[in-house]
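Ligands are counted one by one from 1 in listed order, and the atoms in each one are counted from 1 as well. The basis for the numbers below is simple: all heavy atoms, side chains too, and nothing from hydrogens, waters or symmetry mates. In what follows, residues are counted from 1 in the order of the sequence shown.
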Amino acid sequence: MNEKTFWDAVLADLQLNLSELNYKTWASTSYISEMTENTLTITCPNKFAKDQMNGKFLPIVQDSVDKISKKKMVIDFEVGDSKREAEQNKTALQGTPIFESIGASAQKKKNGKHFGLNPKYSFENYVIGSHNQLAFAVANAVSQNPGKQYNPLFIYSGAGLGKTHLMQAIGNKIAETQPELSIIYTTGEAFTNEFIEVIQQSKSASQKSSFKKKYREADLLLIDDVQFIIGRESTQQEFFHTFNELFMKEKQIVLTSDKPPSEFTNLEERVKSRFGQGMIVDIQKPDLDMRVAILRAKRNASKENVSNEAIDAIASRVDTNVRELEGAYIRVLAQAMSDGVEASQINEDFVKHALNGIVKEKENKPINMNTVLKTVCSYYSVTMQDVKGKRRTQNLVVPRQISMYLMHELTHTPFLTIGEYLGGRDHTTVMHGVRKIEDQLNEDLRVEADVKNIKSLLFA
Ligand code: ADP
Ligand code: MG
């Protein structure tokens with residue numbers, strides 16, 4: 001059995017033992033780079049895939065490998081280098097069926113048209129963290145296998161969190177590895193304007209059809225901020241025709257938006273379900289560590305001599321989104337330049353002064369029993385009355401005990417007072433509730449996640 005057949009067999013087995021999402025995202029994008037009698041090196045497309053395969057999924061992978069090889073293999077994982085992949089792609093291209101090259105004296109395939117790509121956005125300069133790791137992994141998979149695995153890919157998030165960057169990175173990567181493909185990047189707004197103009201000004205049918213042709217001949221269509229199109233009757237229809245045609249031809253479509261398809265009220269059900277057939281991923285706000293990582297990457301790329309202290313100070317003040325974070329960083333640097341301060345001398349006080357008026361210094365929002373209860377109730381969709389009431393169904397007991405726990409921890413109110421506030425309960429009941437949650441925090445991931453989420457709502 002050669003490497004490829006062997007790995008295909010392992011993948012087939014993994015497909016049965018992993019969830020579809022995990023299989024597609026982590027396993028199917030890996031390949032064997034080296035195989036000896038008793039060892040196997042598996043190359044993963046990025047560090048996250050490697051961590052997943054070598055961590056959580058290792059027992060499953062090991063099982064499959066041993067089963068197929070009928071012996072105990074030692075597995076090693078590594079992150080693929082793109083040079084090697086490019087080499088592999090080249091050989092793969094050279095190996096295309098002969099009839100394709102018959103008569104093609106020029107041999108080389110013609111480059112496709114590329115519209116709207118901006119080379120400044122790449123996967124290499126995209127910093128990955130828990131807030132965007134899935135979106136990154138899926139985007140990366142799409143760039144390696146356009147039109148096959150995740151079609152359409154729908155990425156949504158609030159503003160400034162990296163949608164355009166990721167979408168452009170897909171385009172740039174494919175332009176590099178498969179230059180013969182036609183790639184169009186446009187925004188929902190530009191698409192709409194172009195369409196309206198074509199309708200209004202076209203004297204001939206041919207102008208209209210050239211608009212249609214342009215989009216329908218794309219191999220990769222990237223539409224950024226598609227929310228601009230949704231809801232505009234005729235543009236939406238034109239977009240959907242294009243979408244359908246490309247989809248049928250297995251051409252890759254990537255869409256971004258400020259909200260998930262399910263939240264578009266005036267989007268037809270059939271369109272929603274089409275979107276859902278592919279992959280829908282979101283990008284969350286980066287946490288403090290991520291914001292620091294992003295600024296450090298920016299500093300290192302531009303070789304500015306900014307201290308970590310300065311970066312920490314900026315990252316801890318700007319928590320809205322990456323765009324504003326970068327804006328603040330640039331502002332601090334500009335201020336330093338105009339004040340004649342060396343970048344390396346920027347300290348926390350300087351940052352504070354440079355960003356004065358731009359970001360509000362955080363005043364700690366007072367947290368009291370009432371805000372805790374309100375937040376817990378809205379998190380679990382139960383009423384305050386019910387939580388204070390006597391019923392002891394599971395859907396009320398958990399919010400009740402979590403309220404007790406958070407009131408105790410965050411407001412330092414005595415058990416007695418918490419009990420009174422929560423519908424006249426005994427202080428021992430409160431004590432018991434608090435202990436219960438404390439215990440569960442170490443054992444129950446659900447409770448741990450809930451407490452973390454509620455706290456972040458409280459501190460938002
Ligand atoms: P969106 O399209 O979601 O509004 P953008 O993709 O335009 O956001 O991102 C805003 C800015 O932040 C861009 O300059 C982008 O390069 C940068 N950015 C966002 N996320 C990251 C990241 N994870 N790593 C590096 N830069 C990022
Ligand atoms: Mg954008």
[X], any N or O under 3.5 Å of ligand 1 N or O:
{"X": "Y126", "answer": "no"}
{"X": "E326", "answer": "yes"}
{"X": "A159", "answer": "no"}
{"X": "H131", "answer": "no"}
{"X": "K163", "answer": "yes"}
{"X": "I128", "answer": "no"}

Legend entry - D219 (side chain) donor-acceptor with K251 (main chain) under 3.5 angstrom: no
Is it the case that the ring center of [Y] lies less than 6.0 angstrom away from the ring center of [X]?
{"X": "F115", "Y": "Y185", "result": "no"}
{"X": "Y126", "Y": "Y121", "result": "no"}
{"X": "F123", "Y": "F136", "result": "yes"}

Legend entry - Close side-chain approach of L117 and L222, heavy atoms under 4.5 Å: yes
Legend entry - Non-hydrogen side-chain atoms of V254 and L221 separated by less than 4.5 Å: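 Not in contact.
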Is the [X] ring parallel, tilted or perpendicular to the [Y] ring (thresholds 30°, 60°)?
{"X": "F350", "Y": "H353", "value": "perpendicular"}
{"X": "Y215", "Y": "F191", "value": "perpendicular"}
{"X": "F154", "Y": "F275", "value": "tilted"}

Given [options], which has its nearest heavy atom closest to [atom]?
{"atom": "atom 20 (N) of ligand 1", "options": "A293, S157, G162, G160", "result": "G162"}
{"atom": "atom 22 (C) of ligand 1", "options": "V127, N321, D225", "result": "V127"}
{"atom": "atom 10 (C) of ligand 1", "options": "H165, K298, R323", "result": "R323"}

Inset, instruction - Count up the protein N, O or S atoms sitting under 2.8 Å from the Mg ion (ligand 2), would you? - result: 1
Inset, instruction - Could you check atom 12 (O) of ligand 1 against the protein and tell me its nearest heavy-atom contact, residue, atom and distance included? - result: V322 CG1, 3.1 Å
If you measure from the Lys or Arg side-chain nitrogens to the Asp or Glu carboxylate oxygens, is any gap between [X] and [Y] under 4.0 Å?
{"X": "R291", "Y": "E324", "result": "no"}
{"X": "R216", "Y": "E238", "result": "yes"}
{"X": "E245", "Y": "K212", "result": "no"}
{"X": "E326", "Y": "R323", "result": "no"}

Under 4.0 Å from any heavy atom of [X], which atoms of ligand 1 are there?
{"X": "Y121", "answer": "16 (O)"}
{"X": "N132", "answer": "23 (N)"}
{"X": "N125", "answer": "24 (N), 25 (C)"}

Inset, instruction - Give a yes/no on ligand 1: does F136 have at least one heavy atom closer than 4.0 angstrom to it? - result: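 For ligand 1, residue contact (heavy atoms, under 4.0 Å) with F136 is absent.
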Legend entry - Location of contacts on M290 toward ligand 1, heavy atoms closer than 4.0 Å: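 Neither; no heavy atom under 4.0 Å.
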